[in-house]
Amino acid sequence: MRAKEILNDILFPALKKAATKLSVPFVGPLPPLAFEIPKNEEHGDYASNIALIMASKLKRPPREVAKLILDSMDDSSFIKEVTIAGPGFINFLLKESFWFDQLKRVHNQGADFGKIDLGKGANVQIEFVSANPTGPLHIGHGRGAALGDSLASILSFAGFRVTKEYYLNDVGNQMMTLGRSVLYRYKELLQLPVEFPDNHYRGDYIYDVAREAISRWNDKYLDCDEHEVIPVFSQLAQEMILAGIKHDLDDFSVNFDTWFSEKKLIEAGEVEKTIAELKKKNFLYEQDGALWFAATKFDDEKDRVVVRSNGQKTYFASDIAYHKNKFSRNFDQVINIWGADHHGYVPRVKAMVKALGYEPERLRVLLVQLVSLLREGKLVSMSTRQAEFVTLREVLDEVGSDATRYILLTRRPDAPLEFDLELAKKQSDENPVYYIQYAHARLCSILRIAQERGFDINRLNHADPGLLTMPEEISLIKKISHFPDVVEGSAVSLEPHRITIFLQDVVSTFHRYYHSGKLVDEKRVLTENEDLSRARLCLVEGLRLTIKNALTLLGVSAPERM
RNA sequence: GCGCCUGUAGCUCAGCUGGAUAGAGCAACGGACUUCUAAUCCGUAGGUCGCCCGUUCGAAUCGGGCCAGGCGUGCCA
């Protein structure tokens, strides 16, 4: 059992007892219990503010309420001390034996340590990246990729059944523009005079596609009608670009369960069908020759076009069908990760979900703020069409996948992020990620040497953790025991960066502990005392497992040597 | 104009959904390796939590109003 669950079982009955004991009639539900881990260790392992919250309702001073609750509390074999402190906090100090059991739990669970059953098997879909196949991924896509992939890992760890999906916008105007861009480069490479239009894709990768076209078909398409060539070139470009995207994602340790094609959605007639459904529900109307969705009925600020007056369907039309499709696949929760520049799109999608008859809460849209990339202290503008962007590939080659993921995941998604290429490169051996990885390598090193000295490192859970008496050791056990709580918080708030904060904290405590052993022999993990060494190795392995599991959730490797 | 996001140390950012004395990394300065990895550790310095009201036992956190920056505000995607 986790500490919070135990405390809940102790405090809740006491609270009920205290409430009935009071002469002042108290009606209404008891406030939900919350335990916080005090910043100051003198305030115990956990603190509850319940007395402070109840005080005003009961019209009694907080400390008096706290006293009453404390007096109603049953004895517990887990608790060392309960005190009332400050304005009326109830502080709990748990017995060392409890924490020692927690350490054993880490060993017993191994790679599963940190798993919780928050999701209870509910189906969640996360759709992310979904970049148009019109050019390579840039660093902004990388942020969405790292976030989505890590979130998926965290949610699976938290007991959800997760599906990762990439929505492919493989039809529409931009695909024609792509094909035409290739055509211009094709002609150019075949020595025809061309003037490349402004609003087309100028990146070098278009030349690659054009070259491929030449090697496949030579000048066969030179005299063809544009309407004939463009789809062919567009198709080729898409295939090549998509292959590149998949390759980049692969090197970034990001993979998807499903790739969902907009084109197939349309070909299956789902867009038509969904439009018909909304029409039947009277949420669509015609005006100025176009077909409109009455989004304002569902709190959007204006109505939105679904079919343009020229007969073409909008991107939004596909999106309605796509979301309908998502919910028809029985996902309890659908999470969309979008760039913040799409935030204006959220209300209309929520509106459409409501119109389709689904609870809008089942859709959560995560907006990840833009990444501003600095090169030599100067802002690099990001435009796919102008080809002024730094690709994810370049960043991966220069900085590496681990460091890139870690940097992108350390920040809250809704805060803009500054990614300084030179800094990330220059600091590559001072980078925060190495601080974490180094700790893991150190721990592995200790275990390696222990093994050389004859310790059976596979049977460390038979050690006696009771021999661990250094405050740093107790503190480390407590910290790693909190990992499941961190996973929970991270899953509830959909914030992977909490894992990085946790790691930072645990690892710095470990480094300090380790270092104390360099100064005083008795504080080394491997000492003359074999039983003590075994106990410390037990802690070391517990730490290693925790760090490894946490890094895995982030998609960052845990090297055994550095 | 309206909407969303952001504003915390010189810089980059945390701050556990309202708690007790606001933290970390980098940069600066001064120290620590004969030992399980110095990619580490210890110390010094650095703050009007953008500003003003409000809510209450208690606010960086919640609400309102300003100020500043970013993004959005298409029958584009």
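Lettering of chains follows the sequences in order, A, B, ..., and the numbering in each one begins at 1.
- In terms of the side-chain contact (heavy atoms from CB on, under 4.5 Å) criterion, residue partners of A:L118 (sequence neighbours excluded) are, by chain and number, A:I116, A:A158, A:F160, A:E488, A:A491, A:V492.
- More than 12 heavy atoms of other residues, nucleotides or ligands shown are found within 6.0 angstrom of NZ on A:K354.
- Applying the ring-ring contact (aromatic ring centres under 6.0 Å, His included) rule to A:F502 yields the partners A:F483; only residues at least two apart in sequence or on another chain are considered.
- Between A:E541 and A:R544 there is a salt bridge, since at least one side-chain N of the basic residue sits less than 4.0 Å from a carboxylate O of the acidic one.
- The stretch residues 502-510 of chain A comes close to RNA chain B through A:Q504, each having a heavy atom under 4.0 Å from the strand.
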Provide a list of protein-nucleic acid N or O atom pairs under 3.5 angstrom, restricted to nucleotides 29-32 of chain B.
none

Show me the side-chain donor-acceptor pairs of residues 285-292 of chain A shorter than 3.5 Å, one per line, residues at least two apart or across chains.
| unit_1 | atom_1 | unit_2 | atom_2 | d |
| --- | --- | --- | --- | --- |
| A:Y285 | OH | A:D303 | OD2 | 2.6 |
| A:W292 | NE1 | A:Q287 | O | 3.1 |

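- With RNA chain B read from its 5' end, the first of the two nearest nucleotides for A:E560 and A:W292 is the one closest to A:E560.
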Check: protein-nucleotides 44-47 of chain B nitrogen or oxygen pairs below 3.5 Å:
none

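- Under a 4.0 Å N-O distance rule, the pair A:E272/A:K313 qualifies as a salt bridge.
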Tabulated below should be each protein N or O lying under 3.5 Å from an N or O of nucleotides 17-21 of chain B; please produce it.
| unit_1 | atom_1 | unit_2 | atom_2 | d |
| --- | --- | --- | --- | --- |
| B:rG19 | N7 | A:N49 | ND2 | 3.0 |
| B:rA20 | OP2 | A:K39 | NZ | 2.9 |
| B:rA20 | N6 | A:N91 | OD1 | 2.9 |
| B:rA20 | N1 | A:N91 | ND2 | 3.3 |

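- We find that A:R536 and A:E473 are joined by a salt bridge, their nearest charged nitrogen and carboxylate oxygen being less than 4.0 Å apart.
- By the 30° and 60° cut-offs, the orientation of the rings of A:Y345 relative to A:H342 is perpendicular.
- Under the side-chain contact (heavy atoms from CB on, under 4.5 Å) criterion, A:R411 pairs with A:R143, A:I407, A:L417, sequence neighbours left out.
- Between A:E452 and A:R448 there is no salt bridge, since no side-chain nitrogen of the basic residue lies less than 4.0 Å from a carboxylate oxygen of the acidic one.
- Among the nucleotides B:rA77, B:rG7, B:rC41, the one closest to the side chain of A:R412 is B:rG7.
- Residues A:R561 and A:H343 each lie close to RNA chain B; by heavy-atom proximity, the contact nearer the 5' end of the strand is made by A:H343.
- Take A:F260 and apply the ring-ring contact (aromatic ring centres under 6.0 Å, His included) test, not counting sequence neighbours, and it matches A:Y322.
- Within residues 477-485 of chain A, no residue has any heavy atom closer than 4.0 Å to RNA chain B.
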* To do: Go ahead and write out RNA chain B as dot-bracket, 5' to 3': ( ) for pairs within the strand, [ ] for ones crossing earlier pairs, | when the partner sits on another strand, dots for unpaired; Watson-Crick or G-U wobble, both distances under 3.5 Å.
  => (((((((..((((.....[...)))).(((((.......))))).....(((((..]....))))))))))))....
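- Residues that satisfy the side-chain hydrogen bond (donor to acceptor under 3.5 Å, both in side chains) test with A:N173, not counting sequence neighbours, are absent from this structure.
- Between A:K326 and A:E165 no salt bridge is recorded (no basic side-chain N to carboxylate O distance below 4.0 Å).
- Atom P of nucleotide B:rA39 and atom CG of A:N431 are separated by 15 Å, given to the nearest angstrom.
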